[in-house]
Every structure is written in C-alpha cells, then in structure tokens.
J.: 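Questions regarding the structure given below will be posed in turn.
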Amino acid sequence: MVALAIAVSAVAIVPGMLSALSPAPAVTSIAAPAWKVGDRWTYNVSLAPAGEDEILPQEMMPSSPMTVAPLVVGTLTETVAGSVSTDSGPAWNTTLSGDLNLWTPAPMTGAQTALEPLSMRTVTVTGFVWLRQSDLAPVFSEKSVHMDATWTLSFGNDTWYGMLANATYTLTYDATTQVWYHPPLAIWQFPLEQNTSWDVRSNATIGYASTFAISGPNVTWQSNHTAAFTLPVDFSMHTGFFENVTTPAGTFRALPAWASRGPVFPEVPDRDASAVMNLTGETDLAMPRGIATAWFSASVGNVVKAETFTEGFEGPRIQMELVSYTFS
C-alpha cells in the first residue's frame with residue numbers, strides 16, 4: 001500500500017516538476033505595453049544623408065556647394081509625463097527632449113567667397129506627442145527645434161561686400177511643427193504577431209512656423225515663414241520573427257516590423273517644414289520609396305532600435321538605438 005501511494009503521488013507530482021524544470025514557452029506575441037507616468041526611454045540618434053539630400057531648412061544651408069554631406073548625432077529622450085483625454089480615447093502625453101550635434105563641413109571656396117567653416121551646431125529638440133493608450137497611435141504632436149551659430153565672413157582685402165566683410169555674426173533658427181492625425185496613426189496593431197501584415201492609413205494636418213535671424217555689426221535681419229497643409233498617410237507594415245537585438249542598453253528579444261509600399265509618408269510640399277520634420281524624427285517625408293524598420297521589445301515596452309533608409313540605401317538614413325530606459 002505504501003508503494004502504491006508513492007507511485008500515485010509520483011504520477012501527480014512528476015509532471016509538475018518536469019513542467020517547472022523545462023524551459024518556459026517562447027513568447028510569440030507582444031501585448032500593448034502598460035506604460036505609467038515616469039517611464040522613460042533614451043536613444044542615440046544619428047542621421048547621415050547621402051548625395052544632395054538636405055536635412056536643414058534652406059535658410060540654414062550655405063549657398064556654396066558642400067564638399068561632403070552634413071551629419072547629425074545626439075540623443076533623444078521620450079518620457080511619459082501623464083495622460084490626456086482625446087476624441088479617440090485616453091492618450092499618453094509623452095514629452096520629448098534632445099540635443100543633436102550637427103556637423104557641417106566648410107563650403108567650397110570661390111573667387112569671391114571664403115566662409116569660415118561652421119564645424120558644429122547644437123540643435124535642441126523639445127516637444128510632446130499624444131499616443132493613444134490602447135495602441136500607441138499618435139494623435140497629435142508638437143515639436144520645436146532651436147539652432148544658433150556664429151558665422152564669420154572673411155574676404156581679405158576684397159571690399160565688394162562692404163560692411164559685411166571681416167565680421168562675425170550670430171545666426172539663430174527656431175521652428176515648430178504641429179501635426180494632427182485623423183484618425184490616429186495606428187502604426188502598431190497589438191498584440192503584435194510574427195509574420196503578419198496590415199495597412200496604416202490616416203490624414204496628417206500639419207502646421208509649421210519658423211524664424212531665422214542674423215545679427216551683427218551694422219546688420220539686423222529676420223525672416224519668418226509659415227505653412228499649413230493636409231496630406232494623406234498610407235503605407236504597409238509587416239512583422240518578421242523574434243530575434244535578439246543588441247543595443248547600448250543591452251540585448252533584448254524583439255520583433256522587427258518594417259514599413260513599405262511607397263514613402264512612409266508623402267513628400268511635404270513645403271521644403272523647410274520637410275527638413276525640420278526630418279530633423280526631429282517626425283517622419284522621413286522627403287525620401288522616395290521609403291523603408292523603415294523598428295524592433296519592438298515587450299520587456300522594454302517600446303522600440304529598442306529603428307532604422308530608416310531609402311531603397312538601395314541611396315538617401316538619408318536615420319538610426320536610433322536604446323541607451324537607457326525605465327519601464328516595469
């Protein structure tokens with residue numbers, strides 16, 4: 001009887017023991033993350049254009065041909081600051097802050113100009129985005145950039161430029177973009193599954209305003225620019241299979257998803273607005289046949305890595321990698 005009791009107990013207990021000892025089944029989907037106030041993600045950001053693609057508003061670009069393309073590197077932090085009520089339901093109010101270093105090489109010298117190189121400009125990015133809590137779809141965003149630099153004009157004995165020659169000037173540029181999405185831009189479809197596809201469609205109503213100013217000896221000049229327009233947004237998303245992705249913040253099991261079928265967003269008709277929106281990562285409006293890939297991790301509750309580039313890798317490329325985060 002004792003032996004029988006032991007045998008019966010073993011039948012009941014051993015399967016549970018084996019289950020506890022065996023590896024947990026791999027997660028095959030990602031549910032919508034449960035963010036909370038104080039969650040934060042910081043990314044390294046780099047933007048490397050190719051060819052003649054511009055990443056700056058026209059006013060900030062030297063008129064002479066550039067010897068090499070500009071380069072932007074820096075960090076961007078997204079923080080859950082609270083929640084807001086919208087017509088599409090409750091949304092997270094996420095603040096954005098970043099410092100980007102923009103390197104521009106010296107323009108090619110000509111017979112009449114010799115501009116001192118603007119080797120580095122600091123670009124400050126601030127703003128916020130409302131993300132619908134059910135699927136992190138952007139509802140509204142407002143982003144601002146601020147740039148300032150000194151610019152020395154040196155023409156030697158050439159007096160053709162009169163009072164502008166051999167002087168140092170302060171240049172400032174401030175721009176703000178606001179974007180409403182109708183309906184919210186449902187980039188993600190939770191739960192995220194492997195090897196699935198869906199379409200993303202919305203209309204983006206964009207408002208843009210900027211001020212470019214120059215001040216220095218005998219010169220004070222300012223230019224204001226505004227634009228407003230509505231564009232359709234239409235692209236496809238497709239997920240791959242879970243993989244381990246290594247970033248400065250660690251290695252994470254993440255699901256890749258890429259956007260395709262035409263531009264990720266249509267080209268914005270206003271050149272300056274397009275440049276600023278590229279710089280702030282709102283989207284890649286000027287890239288033909290855009291492709292974007294993002295790796296989403298359940299353990300981080302957000303994207304851990306993202307790359308945006310044109311077909312054939314011939315245009316601007318934006319890369320983001322997670323540096324640190326707070327999420328539980």
J.: Taking all heavy atoms of A254 and all of P256, pick out the closest pair and write down the distance.
T.: O-CD, 3.7 Å
J.: Please report the closest heavy-atom contact between P33 and G301, naming both atoms and the distance.
T.: CG-O, 3.6 Å
J.: For L136 and L131, which heavy atoms make the closest approach, and how far apart are they?
T.: O-CD2, 3.6 Å
J.: Are the side chain of T176 and the backbone of S144 linked by a donor-acceptor contact shorter than 3.5 Å?
T.: no
J.: Indicate whether any N or O donor in one side chain lies under 3.5 Å from an N or O acceptor in the other, for D148 and T172.
T.: no
J.: Once you measure the plane-to-plane angle for W41 and W35, does it fall in the parallel (<30°), tilted (30-60°) or perpendicular (>60°) bin?
T.: tilted
J.: Could you tell me whether the side chains of S236 and D199 share a donor-acceptor contact shorter than 3.5 Å?
T.: yes
J.: If you take all heavy atoms of A81 and T95, which pair is closest and at what distance?
T.: CB-CG2, 3.8 Å
J.: Should T205 and F229 be marked as a side-chain contact (heavy atoms from CB on, under 4.5 Å) after you check the CA-CA gap, both sets of side-chain angles, and the distance that decides it?
T.: CA-CA 6 Å; T205 299; F229 40 84; over 6 Å; no
J.: Quick check: is F296 connected to I187 through a chain of hydrophobic side chains (ILVMFWY, heavy atoms under 4.5 Å apart)?
T.: yes
J.: Determine, using the 4.5 Å side-chain heavy-atom cutoff (strictly less than), whether V139 and W188 are members of one ILVMFWY cluster.
T.: no
J.: Given S97 and T77, is the side-chain hydrogen bond (donor to acceptor under 3.5 Å, both in side chains) satisfied, shown in steps?
T.: CA-CA 5 Å; S97 62; T77 298; 4.6 Å; no
J.: Can you see which heavy atom on Q194 is nearest to which on F242, and at what distance?
T.: OE1-N, 3.0 Å
J.: Do F241 and L192 sit in the same hydrophobic cluster, where Ile, Leu, Val, Met, Phe, Trp and Tyr count as joined when their side-chain heavy atoms come under 4.5 Å apart?
T.: no
J.: Go through the structure and list residues passing side-chain hydrogen bond (donor to acceptor under 3.5 Å, both in side chains) with S324, not counting sequence neighbours.
T.: none
J.: Judged by modelled atom types alone, do Q319 and N44 share a side-chain donor-acceptor pair under 3.5 Å?
T.: no
J.: Could you verify whether a donor N or O on one side chain and an acceptor N or O on the other, from R40 and T326, lie under 3.5 Å apart?
T.: no
J.: Considering residues at least two apart in sequence or located in another chain, which fulfil the side-chain hydrogen bond (donor to acceptor under 3.5 Å, both in side chains) criterion with D174?
T.: H146
J.: I'd like to know if the side chain of T94 and the backbone of T79 have a donor-acceptor N/O pair within less than 3.5 Å.
T.: no
J.: Rounded to the nearest 0.5 Å, how far apart are OG1 of T126 and CG of L96?
T.: 9.0 Å
J.: Could you walk me through whether E78 and N302 pass the side-chain contact (heavy atoms from CB on, under 4.5 Å) check?
T.: CA-CA 10 Å; E78 177 183 18; N302 210 330; 3.2 Å; yes
J.: Check whether any side-chain heavy atom of V179 lies under 4.5 Å from a side-chain heavy atom of K143, and answer yes or no.
T.: no
J.: In Å and rounded to the nearest 0.5 Å, what is the OG1 to NE2 distance from T230 to H182?
T.: 7.5 Å
J.: Please answer: with hydrophobic residues joined when any side-chain heavy atoms are less than 4.5 Å apart, are F128 and V80 in the same cluster?
T.: no
J.: Using a 4.5 Å cut-off on heavy atoms from C-beta on, say whether the side chain of W295 contacts that of E243.
T.: yes
J.: Apply side-chain hydrogen bond (donor to acceptor under 3.5 Å, both in side chains) to the pair T246 and K305, showing each step before the final yes or no.
T.: CA-CA 9 Å; T246 299; K305 182 179 178 180; over 6 Å; no
J.: Keeping T239 on the side-chain end and E193 on the backbone end, is there a donor-acceptor pair under 3.5 Å?
T.: yes
J.: Give, for atom OG of S88 and atom OH of Y181, the distance between the pair rounded to the nearest 0.5 Å.
T.: 13.5 Å
J.: Mind checking whether Y208 and H225 have ring centres under 6.0 Å apart?
T.: yes
J.: OG1/T247 to CE/M320 distance, rounded to the nearest 0.5 angstrom?
T.: 11.5 Å
J.: Might you work through the side-chain contact (heavy atoms from CB on, under 4.5 Å) test for V45 and V73, ending with a clear yes or no?
T.: CA-CA 6 Å; V45 180; V73 294; over 6 Å; no
J.: Ignoring hydrogens and angles, tell me if any N or O in the side chain of S83 forms a donor-acceptor pair with the backbone of A91 under 3.5 Å.
T.: no
J.: Under a plain distance cut-off of 3.5 Å, with no hydrogens placed, do S297 and S299 share a side-chain donor-acceptor pair?
T.: yes
J.: Evaluate the ring planes of Y325 and F252, with Trp represented by its six-membered ring, and classify them as parallel (under 30°), tilted (30 to 60°) or perpendicular (over 60°).
T.: perpendicular
J.: When the ring planes of W180 and W130 are compared, do they come out parallel, tilted or perpendicular, using 30° and 60° as the limits?
T.: perpendicular
J.: Evaluate the side-chain proximity of V300 to L322: yes if any heavy-atom separation is below 4.5 Å, no if none is.
T.: yes
J.: Checking side-chain contact (heavy atoms from CB on, under 4.5 Å) for the pair S215/Q222: CA distance, chi angles, key distance, verdict?
T.: CA-CA 9 Å; S215 61; Q222 180 173 304; over 6 Å; no
J.: In Å and rounded to the nearest 0.5 Å, what is the OG to CG distance from S141 to L185?
T.: 10.0 Å
J.: Which heavy atom in S134 sits nearest to a heavy atom in F190, and how many Å separate them?
T.: O-CD1, 4.4 Å
J.: What's the spacing between S328 OG and D39 CG if we round to 0.5 Å?
T.: 6.5 Å
J.: Would the number of heavy atoms belonging to other residues, nucleotides or ligands and lying under 6.0 Å from CG of D87 be above 12?
T.: no
J.: Are L100 and V323 linked, directly or through intermediate hydrophobic residues, by side-chain heavy-atom contacts shorter than 4.5 Å (ILVMFWY only)?
T.: no
J.: Regarding T42 and T75, do their side chains bring together a donor and an acceptor under 3.5 Å, going by distance alone?
T.: no
